[in-house]
Amino acid sequence: MEVVVLLAGVVDPKWRLDGLALRPGTALVEETGLPRRLSPFDEAALETALKLRDADPTVRVTAVLVGGPANNALLRAIAAFRPHRVFRIGGVALSLWDPLAAVRLLGAAVAAAVERPDLVLMGREFGDGDDGALPPALAEAQGWRFCGLAHAVSLAEDGAVTLRRVRGPREEVLRLRPPVLASITNDRGNRLRHPLLKNVMLAKREPIEVVAPPPDAPAAAPALALRDIAVVPPPTRGAGACRFLTGPVEAQVEELAAFLRRWRAAVGG
Amino acid sequence: MRRICALVPLGDPAVADPFAAVAAAAAIAARSAGRVSAILLSREANADAAVAQAAREGAAEILLASHPALPEVPQTDHLLTAFAHLLRMEAHEGLVLLPAGPVGEELAARLALRLDAVPLGRCTDIAWDGRTLTARRPAYGGRAEAVLATEAPLCFAAMRRPVETSAPAADAPAVRAITLDVMLPGDLPPPEIREPAADRPRRPEGARIVVAGGRGMGGPEGFAQLRELAAVLDGAVGASLPAVDAGWAAVAQQVGQSGAFVTPELYLAIGLSGTPQHLAGIGLNTRIVAVNSDPEAEIFRVAELGLVAPWQEVLPKLIEKLRAP
Ligand SMILES: Cc1cc2nc3c(=O)[nH]c(=O)nc-3n(C[C@H](O)[C@H](O)[C@H](O)COP(=O)(O)OP(=O)(O)OC[C@H]3O[C@@H](n4cnc5c(N)ncnc54)[C@H](O)[C@@H]3O)c2cc1C
Ligand SMILES: Nc1ncnc2c1ncn2[C@@H]1O[C@H](COP(=O)(O)O)[C@@H](O)[C@H]1O
């Protein structure tokens, strides 16, 4: 069973982004100096793959980090979890903004990992610019079965992939024949484990494998071009100013209760 | 006149607001001298109420397509086959919108690939300058906005219902009905539906009040109190991503950029710092009341009422007071 986990990383969400802009004369976002880490969904996808490996010795896990050399530290952090193989694909000029180009790159990433994947895992959002379009687009481009927002994945005796997800009001269990692509959402059951210190040290010394992305078709203007990117202030909400309750906590709680009672009466509850 | 096509998947309980794309299309059409056509897909041929709603939301042309072989709870692959078939007949160029949410977003991406079009993702705004379409999208956890441009003849996007509704089309819409006979994928095992547990929490979508907790709740006991508070207020419990990761709340309760998008009248944010990723899941018209032990917490910048104290000093008394007749 060949499992490929595609990882993208995000700019550390705690880091201020002030001045985020395009690199002059390009359609690439200038991210130099911004620390990158795995997103919660990269972590969930990676943990899902590691759990499958732990449960079944015939599972082979290849972890692929999509990104340029700025991601090497992240690549070593992934290597510390000891997937069977780990490599990075992409150069300095990598951009995932055009979904059609991104899907070509991700397809090439999987092809560089294994000849015939059984299960491809990726986070529900892929990097800082995707809102969940890339996983279904990749599955569609490759003709793989797709399950979005799975939170638990296991392998059945008969070779099918069993996926659990919440879809609207119901919880579904899907049994799909490989090849399957699943996008993974965070859950208590797939929080990324801590790597062993010994493996962290090992990963620091090991050489990094880098795979060159396939050359783009000549004159391939992106179907969708990034024209601009800028930090936006949070949208304004409500009246703007927060009224802080004052006085002893007991009185504040009474005031909050009164507020909620009035609200309940107003909505007729 | 520019034609904007909104797809309306009917009868799937996983699509919270099936007409959102019609309302979004109407808002775009109002700004760009466009005309909205809605394609409704359902199992049943008589869907008068749905046709009337599409008209109210601003559709000038309505196509009601029914497919009797659609399962009661359709899978995305069924909707995909039926919509792809319809669009091959109905829309070779222009903009096609789907309702935001897991089903609509998956459909938008896969339809675009299937029909050699450009997937735009979940957009907040779309406009044209001559032949160039520009789409605006949040990025970097809602902290930045990306502007994307394309000249592609056919594009797919997912959109939410706009905050302000536009006036409906003045004239009565042109309505057509067709019965589809396209072969639906027959090799799809239907998903096994898990029986909901008796104590399964109510989903935060659609509730008039959401009582939400974050990492500051510190453990499952805090969430037990939130459930009690939600029960006395007839509301639902929401959670931040770290609270779901910790197992204090279920996956379906996560609110945010990567979770439910909720638009209750009131959002009680307890032990939540107010990150952009979390706030992205709360509608702009929702009033926020916050309880947090840190007076500097960002959540107070967006709340209209704030109480600075640890929840332990607030919730037990609050629940008791609200229970009192
Ligand atoms: C790609 C990506 C997607 C994400 N998507 C989402 C998403 O959809 N939803 C989401 O929520 N997050 C999301 N996140 C995570 C997000 O970045 C934050 O980590 C998260 O929102 C913080 O959650 P929190 O407010 O519960 O925790 P914290 O930021 O840790 O805040 C805890 C708060 O509790 C307060 N507190 C502590 N003790 C008490 C007490 N006793 N009483 C009262 N208050 C107390 C603290 O003062 C603090 O303000 C995403 C992150 C990434 C990278
Ligand atoms: N854009 C930035 N430039 C320099 N320092 C930053 C930036 N963003 C965050 N920091 C600091 O980085 C440290 C790590 O932040 P935190 O992850 O919140 O502990 C804090 O001291 C922040 O103030």
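Chain letters run A, B, ... following the sequence lines, proteins first and then strands; every chain starts at 1.
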- Message: Looking at chain A, which one of B/A146, B/P138, B/A149, B/A112 has the largest number of heavy-atom pairs inside 4.5 Å, strictly under?
- Response: B/A149
- Greatest number of non-hydrogen atom pairs under 4.5 angstrom with chain B, of A/A27, A/A139, A/C242, falls to A/C242
- Message: Using heavy-atom distances under 4.5 Å, tell me whether A/R177 contacts chain B through its side chain, its backbone, both, or neither.
- Response: neither
- Task: Answer with side chain, backbone, both or neither: which region of A/D130 has an atom nearer than 4.5 Å to a non-hydrogen atom of chain B?
- Result: backbone
- Query: Hey, is B/E304 close enough to A/R237 for a salt bridge, meaning N to O under 4.0 Å?
  - Reply: no
- Query: With a cut-off of 6.0 Å (strictly less than), are more than 12 heavy atoms of other residues, nucleotides or ligands near CZ of B/R301?
  - Reply: no
- Message: For A/N186 and B/Q254: C-alpha separation, side-chain torsions, deciding distance, then whether side-chain hydrogen bond (donor to acceptor under 3.5 Å, both in side chains) applies.
- Response: CA-CA 10 Å; A/N186 60 297; B/Q254 184 162 308; 2.7 Å; yes
- Message: Looking at every heavy atom in both B/L322 and A/A257, which two are closest together, and how far apart are they?
- Response: CD2-O, 3.7 Å
- Message: Could you check whether B/R194 pairs with A/E172 (Lys NZ or Arg NE/NH1/NH2 to Asp/Glu carboxylate O, under 4.0 Å)?
- Response: no
- Message: What part of A/R227 gets within 4.5 angstrom of chain B, counting heavy atoms only: side chain, backbone, both, or neither?
- Response: both
- Task: Below 4.5 Å from any heavy atom of chain B, which atoms of A/P169 appear? Answer side chain, backbone, both or neither.
- Result: both
- Which residue out of B/A250, B/G141, B/A246 racks up the most heavy-atom pairs below 4.5 Å with chain A? B/A246
- Pair A/R167-B/T76, side-chain donor/acceptor within less than 3.5 Å: yes
- Query: Side chain, backbone, both or neither: which part of A/V231 has a non-hydrogen atom closer than 4.5 Å to chain B?
  - Reply: both
- Query: Which heavy atom in A/A133 sits nearest to a heavy atom in B/G121, and how many Å separate them?
  - Reply: CB-CA, 4.4 Å
- Tightest non-hydrogen contact, residues B/T150 and A/A223, listed as OG1-O, 2.6 Å
- Query: So which part of A/E255 gets closer than 4.5 Å to some heavy atom of chain B, the side chain, the backbone, both or neither?
  - Reply: neither
- Message: At a 4.5 Å cut-off on heavy atoms, which part of A/V166 comes close to chain B: side chain, backbone, both, or neither?
- Response: side chain
- In terms of side-chain geometry, is the basic nitrogen of A/E140 or B/R114 positioned less than 4.0 Å from the acidic oxygen of its partner? yes
- Side-chain heavy-atom pair B/I209, A/W263 within 4.5 angstrom cut-off: yes
- Item | Portion of A/T246 that has a non-hydrogen atom of chain B nearer than 4.5 angstrom | neither
- Task: Tell me, out of B/L279, B/T134, B/L305, B/V244, who's got the most heavy-atom pairs with chain A below 4.5 Å.
- Result: B/L305
- Note on the structure: Most heavy-atom pairs under 4.5 Å with chain B, out of A/E250, A/R261, A/R188, belong to A/R188
- Query: Where do B/P13 and A/R170 come nearest, in terms of heavy atoms and distance?
  - Reply: CG-NH1, 3.4 Å
- How far apart are the C-alpha atoms of A/L100 and B/L113, what are their side-chain angles, what is the distance that settles it, and do they pass the side chain to side chain contact (heavy atoms under 4.5 Å, CB included) test? CA-CA 8 Å; A/L100 300 178; B/L113 270 281; 4.0 Å; yes
- Check each of B/L233, B/V289, B/V232 against A/L260 using the side-chain contact (heavy atoms from CB on, under 4.5 Å) test, and report the only one that passes. B/L233
- Heavy-atom contact with chain B under 4.5 Å, split by part of A/L20: side chain
- Message: Checking B/Y140 against A/V29 for the side chain to side chain contact (heavy atoms under 4.5 Å, CB included) test, could you report, in this order, the C-alpha distance in whole Å, the side-chain angles of both residues, the deciding distance, and whether it holds?
- Response: CA-CA 11 Å; B/Y140 293 86; A/V29 184; 3.4 Å; yes
- Counting only heavy atoms closer than 4.5 Å, note whether A/L224 contacts chain B via side chain, backbone, both or neither. both
- Item | Gap between atom CG of A/L149 and atom OG of B/S258 - 0.5 Å precision | 9.5 Å
- Between chain B and each of A/G129, A/P99, A/A230, count heavy-atom pairs under 4.5 Å; write down the option with the most. A/A230
- Examine whether an atom of A/E31 lies under 4.5 Å from a heavy atom of chain B, and if so say whether it belongs to the side chain, the backbone or both; otherwise answer neither. side chain
- Winner by heavy-atom pair count (cut-off under 4.5 Å) against chain A, out of B/A16, B/P119, B/A252: B/P119
- Side chain, backbone, both or neither: which part of B/D245 has a heavy atom under 4.5 Å from chain A? both
- Quick one: are A/F244 and B/L307 in side-chain contact, heavy atoms under 4.5 Å? no
- Task: Report the C-alpha distance between A/D18 and B/R143 in whole Å, list the side-chain angles of each, state the deciding distance to 0.1 Å, and finish with yes or no for salt bridge (Lys or Arg N to Asp or Glu O under 4.0 Å).
- Result: CA-CA 10 Å; A/D18 351 270; B/R143 294 182 294 162; over 6 Å; no
- Query: Can you say whether A/L256 sits under 4.5 Å from chain B via the side chain, the backbone, both, or neither, judging by heavy atoms?
  - Reply: both
- Partner chain A: residue of B/R203, B/E265, B/R122, B/E105 with the largest heavy-atom pair count (under 4.5 Å): B/R203
- Decide yes or no on side chain to side chain contact (heavy atoms under 4.5 Å, CB included) for B/Q257 and A/D131, but give the supporting numbers first. CA-CA 8 Å; B/Q257 167 197 338; A/D131 49 31; over 6 Å; no
- From CG (B/L318) to CZ (A/F259), nearest 0.5 Å: 11.5 Å
- Show your working on side chain to side chain contact (heavy atoms under 4.5 Å, CB included) between A/E254 and B/K317 and close with a plain yes or no. CA-CA 8 Å; A/E254 178 48 45; B/K317 283 185 222 138; over 6 Å; no
- Task: Identify the two heavy atoms, one from A/P136 and one from B/A109, that lie closest to each other, and give their separation to 0.1 Å.
- Result: CG-CB, 3.9 Å
- Is it the side chain or the backbone of A/E125 that comes within 4.5 Å of chain B heavy atoms, both, or neither? side chain
- Item | CG-CG distance between A/L176 and B/L188, expressed to the nearest 0.5 angstrom | 8.5 Å
- Query: Is atom CG of B/D129 surrounded by more than 12 heavy atoms (other residues, nucleotides or ligands) closer than 6.0 Å?
  - Reply: no
- Query: How about B/L241 and A/F41: do any of their side-chain heavy atoms sit closer than 4.5 Å?
  - Reply: yes
- Mind ranking B/E298, B/R287, B/R136, B/R208 by heavy-atom pairs under 4.5 Å with chain A and telling me who comes out on top? B/R208
- Note on the structure: Minimal heavy-atom distance between B/A139 and A/I229, with the atoms involved, is CB-CD1, 4.4 Å
- Partner chain B: residue of A/T236, A/D98, A/V249, A/V232 with the largest heavy-atom pair count (under 4.5 Å): A/V232
